[in-house]
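The next block holds one structure in the form of C-alpha cells; read it before the comments.
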Number of protein chains: 2
Amino acid sequence: MFLPMDLVRIYECLCDSTRLRILALLGGGPLCVCHIQDILGESQVKISKHLAYLKTRGLVESSREGNWMMYSIAAKPSPELKANLACLQDCSREDPVFKRDSTKLTKLRTRLAKPACPCAIRTAAKRST
Amino acid sequence: MFLPMDLVRIYECLCDSTRLRILALLGGGPLCVCHIQDILGESQVKISKHLAYLKTRGLVESSREGNWMMYSIAAKPSPELKANLACLQDCSREDPVFKRDSTKLTKLRTRLAKPACPCAIRTAAKRST
DNA sequence: AAACAATATACCGCTTGCGGTATATGCCTT
DNA sequence: AAGGCATATACCGCAAGCGGTATATTGTTT
C-alpha cells in the first residue's frame with residue numbers, strides 16, 4: 001500500500017501547469033528565480049512557492065549564487081523521476097505554451113553574453129533612465 | 001497558458017495511489033468493478049468514485065455487461081496519455097504493491113476458466129453454505 | 001412484482017492546494 | 001549601517017480532493 005507513494009509524490013508535482021512549465025524549463029539547465037519569473041510572466045510569490053513545493057519533494061535543488069537562487073533538476077533523480085521528466089520533455093515538444101517558454105529562454109540566453117540574470121538587465125534599464 | 005491542461009488533467013489522475021493501481025491493472029485489459037475492488041481490497045464506493053474520476057477525464061471507458069460494469073483504458077488515448085501510461089507500466093514493474101496486485105489478478109484469471117466476475121464466485125460460495 | 005446483486009450518487013467533514021497581500025530574510029552596494 | 005534587490009514565508013480565503021455513511025439506480029433472478 002505504500003510504495004507507489006514515490007510515484008504519487010512525483011505526479012503531485014506534475015499536476016499543476018506552472019510547475020510543469022518550470023520543470024520543462026529546468027530541463028534545459030539551471031535557472032535563477034527571476035529568469036523563470038520573467039519567462040512565465042507570473043508573480044514572484046507564485047513562482048517561489050511552486051519552486052519550494054518542488055524542492056520539498058526532491059524534484060529540484062537550489063543553490064545560492066550571490067543575490068540569486070539557482071534552481072535545477074535534482075542531481076540524482078530516481079529512475080521514476082528520470083522516466084517521467086523524459087516523458088514530459090517529450091510531450092511538451094508539441095505544445096505552444098512550452099514552445100513559447102523555451103523560445104523566450106533562448107532569446108534571454110543569447111541576449112546575455114554570459115548567463116547573467118535578467119534582474120541585472122532590469123536594474124541596468126532603471127539606471128539608464 | 002492553456003494547452004498544458006491536457007497534460008495536467010492526466011497528471012491529476014495519476015497523483016493518487018488508488019488510481020495508479022487501477023490504471024496499472026487496466027493496462028492488462030478490461031476489468032469489472034468488483035474485480036478491481038477485490039484485488040485492491042478497497043471499499044466499493046472508493047473504487048467506484050475513482051473510476052468515475054478517471055472516466056470524466058477520459059482516461060478510462062466503461063460498458064455495461066449485464067449486471068457488471070467493465071472498465072478499460074480509453075480506446076483512443078491521446079499521445080500524451082499513451083506515453084504516460086507506458087511510463088507508468090514501466091515504473092510499476094519493480095514496485096511490490098503493483099506486483100502484488102498483478103499477481104492477484106493472474107490468480108483470479110486462472111481461477112476462472114472464463115473471465116467471469118469474482119462476484120459470481122462470492123455468490124456461489126454463499127449458496128454452497 | 002419482489003428481492004437481490006452490482007454499481008453509482010448525495011451529502012458531509014477533513015485536509016490539501018492555490019494564489020493573493022503583506023512582511024520577513026539574506027546578500028550586496030554605497 | 002542603511003538602503004536596495006532577490007527571494008522566501010506567514011497568513012487568509014476559496015476551491016477541490018478524498019474517504020466515509022447512507023441511499024439511489026439499474027439489471028437480473030425467482
Side-chain angles (χ1 to χ4, degrees), chain A residues 1 4-5 8-9 11-22 30-57 60-72 116-127, chain B residues 1 4-5 8-9 11-22 30-57 60-72 116-127:
Chain A
M1 192 57 235
M5 291 320 286
V8 170
R9 298 278 283 183
Y11 288 129
E12 282 172 350
C13 289
L14 301 181
C15 68
D16 174 274
S17 68
T18 304
R19 288 196 291 268
L20 277 188
R21 294 169 74 193
I22 292 175
L31 287 174
C32 78
V33 179
C34 45
H35 263 129
I36 302 174
Q37 189 181 333
D38 270 31
I39 295 171
L40 301 201
E42 301 277 3
S43 78
Q44 187 263 317
V45 206
K46 191 171 169 180
I47 300 294
S48 186
K49 282 202 284 191
H50 280 299
L51 284 169
Y53 188 104
L54 291 171
K55 191 177 170 186
T56 59
R57 314 209 166 198
V60 139
E61 290 165 359
S62 69
S63 66
R64 195 169 264 287
E65 194 112 345
N67 230 331
W68 308 288
M69 278 298 234
M70 301 299 290
Y71 278 86
S72 46
C117 254
C119 348
I121 297 184
R122 281 203 297 261
T123 306
K126 265 185 203 165
R127 277 186 190 139
Chain B
M1 191 55 238
M5 293 319 286
V8 171
R9 297 278 283 184
Y11 287 128
E12 282 171 349
C13 289
L14 300 181
C15 69
D16 174 273
S17 67
T18 304
R19 288 196 292 268
L20 278 189
R21 294 170 75 194
I22 291 175
L31 287 173
C32 78
V33 179
C34 44
H35 262 130
I36 302 173
Q37 187 182 333
D38 270 31
I39 294 172
L40 301 201
E42 301 278 3
S43 78
Q44 187 262 318
V45 206
K46 191 171 169 180
I47 299 293
S48 186
K49 283 202 284 191
H50 280 299
L51 284 169
Y53 188 104
L54 291 170
K55 191 176 170 186
T56 59
R57 315 212 165 196
V60 139
E61 290 165 0
S62 68
S63 66
R64 194 169 265 287
E65 194 111 345
N67 231 329
W68 309 289
M69 279 299 235
M70 300 299 291
Y71 278 87
S72 47
C117 253
C119 347
I121 297 184
R122 282 202 298 259
T123 307
K126 264 186 206 164
R127 277 185 190 139

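Order of the sequence lines sets the chain letters (A, B, ...), proteins ahead of strands, with each chain counted from 1.
- When the C1' atoms of four end pairs are superposed on the next four at each end of the helix from C/dA1-D/dT30 to C/dT30-D/dA1, using five pairs per end, the two resulting axes differ in direction by 10°, to 10°.
- Note on B/Y53: every side-chain N or O is 4.0 Å or more away from OP1 and OP2 of C/dT9.
- OP1 or OP2 of D/dG19 has at least one side-chain nitrogen or oxygen of B/H50 nearer than 4.0 Å.
- Looking at heavy atoms from C-beta onward, A/I22 lies out of side-chain contact with A/V60 at the 4.5 angstrom threshold.
- Rounded to a whole Å, the NE2 atom of B/H35 is 15 Å from the C1' atom of C/dT7.
- For A/K46 and C/dG17, the NZ to P distance is 16 Å, given to the nearest whole Å.
- Between the CG atom of B/L54 and the P atom of D/dG17 there is a distance of 12 Å, rounded to whole Å.
- For A/M69, the side-chain atoms get nearest to D/dA8 when compared with the rest of D/dT26, D/dA8, C/dA8.
- Contact of the B/C32 side chain with the B/E65 side chain is not registered, since no non-hydrogen atoms from C-beta on lie closer than 4.5 Å.
- Take the nearest nucleotide of DNA chain C for B/V45 and for A/D16: the residue whose nucleotide is more 5' is B/V45.
- Here the side chains of B/L14 and B/L20 are in contact, with some heavy-atom distance below 4.5 Å.
- Taking every heavy atom of both residues into account, B/K55 and B/S62 meet most closely at NZ-OG, 2.8 Å.
- If you take CD of B/E12 and C1' of D/dA15, they are 12 Å apart, rounded to a whole angstrom.
- One interatomic measurement links the two molecules: CG of B/N67 to C1' of C/dA5, which rounds to 5 Å at whole-angstrom precision.
- Between B/L31 atom CG and C/dA6 atom P there is a gap of 16 Å when expressed in whole angstrom units.
- Between A/R19 and C/dG17 there is no side-chain polar atom (N or O) within less than 4.0 angstrom of OP1 or OP2.
- Checking side-chain atoms of B/R19 against main-chain N and O of B/E12 turns up a donor-acceptor pair under 3.5 Å.
- Following rounding to the nearest Å, B/L51 (CG) and C/dA8 (C1') show an atom-to-atom distance of 11 Å.
- Mapping B/Q44 and A/A52 onto DNA chain D via the closest heavy atom, the residue that lands nearer the 5' end is A/A52.
- A close approach under 4.0 Å does occur between a side-chain nitrogen or oxygen of A/R57 and OP1 or OP2 of C/dG17.
- Nearest to the side-chain atoms of A/K49 among the listed nucleotides C/dG20, D/dC18, D/dG20 stands C/dG20.
- Inter-residue side-chain proximity for B/H50 and B/E42 is flagged as unmet; no heavy-atom pair is nearer than 4.5 Å.
- B/R64 places its CZ atom 8 Å from the P atom of D/dT28, with the value rounded to the nearest Å.
- Side-chain atoms of B/Y71 and B/L54, non-hydrogen and from C-beta on, never get closer than 4.5 Å to each other.
- Checking the phosphate oxygens (OP1, OP2) of C/dG20, a side-chain nitrogen or oxygen of A/S43 falls inside 4.0 Å.
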